[in-house]
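Right, one structure below, let's go through it.
Residues: numbered from 1 along the sequence shown. Quick caveat: nothing in here was measured; it's all calculated off a predicted structure.
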Amino acid sequence: MLRGFKNFLMRGDVIVVAVGLIVALAFSTLIKAFTDSVINPIIARAQGGSSPGLGWQLGRPGNTATYLNLGAFISALIYFIVFMAVVYFLIVVPYKHVQARRGVTVFEDDGPLKTCPACLSEDLPEVAAKCRYCGTVQPAAAV
């Protein structure tokens, strides 16, 4: 039982996912600090005055529970975009390169698709000779 668990943990894919997750969490902390320390003050300054941020007070002045903080949303959106760009360029692109050197294609489009005339499934590869769902022989792909 322990040998099976060890084999599962030592598979290459699990290790790659674990390392990717750790790197992503580290970058998440860095990007969160950037948005909190740099982006939020810039957005708050755009409101002007002594407002707590970019937004509107919906209730009594000074009540943070009724403050519609548009600046926090914009900051979260910037955080998400920066974080996803970091993950893509520092994890996905190098992983694709390493896997390509090993002869494995990852994160690629499946190519053109066609619809089965018998069962109407729409996700068959253009070069499929038979439908994967109903087994109907498919017409030859038009060139």
Side-chain angles (χ1 to χ4, degrees), residues 1-136 138 141-143:
M1 182 166 95
L2 290 177
R3 181 178 298 154
F5 183 66
K6 177 185 169 203
N7 289 342
F8 169 74
L9 286 180
M10 297 311 290
R11 287 182 42 209
D13 295 341
V14 174
I15 302 293
V16 169
V17 169
V19 169
L21 180 62
I22 291 167
V23 171
L25 288 173
F27 277 114
S28 172
T29 304
L30 179 65
I31 295 167
K32 181 73 173 146
F34 173 74
T35 55
D36 287 346
S37 301
V38 177
I39 301 297
N40 283 353
I42 292 171
I43 292 172
R45 181 64 183 133
Q47 177 72 24
S50 62
S51 176
L54 180 62
W56 301 275
Q57 184 68 50
L58 301 177
R60 282 191 320 239
N63 185 357
T64 58
T66 59
Y67 185 74
L68 182 65
N69 195 348
L70 191 58
F73 177 74
I74 293 170
S75 178
L77 187 62
I78 292 169
Y79 171 85
F80 175 76
I81 291 169
V82 170
F83 182 74
M84 293 312 293
V86 167
V87 167
Y88 180 75
F89 289 112
L90 294 182
I91 296 175
V92 173
V93 171
Y95 181 70
K96 282 173 64 173
H97 179 71
V98 168
Q99 291 297 83
R101 290 180 66 191
R102 294 174 66 199
V104 178
T105 304
V106 293
F107 303 121
E108 295 296 328
D109 293 332
D110 293 334
L113 302 175
K114 65 180 176 182
T115 302
C116 175
C119 69
L120 301 178
S121 59
E122 298 177 342
D123 61 343
L124 296 177
E126 188 72 36
V127 296
K130 280 187 160 183
C131 177
R132 71 175 77 158
Y133 303 108
C134 66
T136 307
Q138 298 295 304
V143 178

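Residues Lys96 and Tyr88 come closest through the heavy atom pair NZ-OH, 4.3 Å. The shortest non-hydrogen separation linking Cys116 to Gln138 is SG-NE2, 3.3 Å. Shown here for Arg132 and Leu124, the closest heavy-atom pair between the two residues is N-CD2, 3.7 Å.
The distance from the CZ atom of Phe83 to the CG atom of Leu25 is 6.5 Å, given to the nearest 0.5 Å. Between the OH atom of Tyr133 and the SG atom of Cys119 there is a distance of 8.0 Å, given to the nearest 0.5 Å.
Checking side-chain atoms of Glu122 against main-chain N and O of Leu120 turns up no donor-acceptor pair under 3.5 Å.
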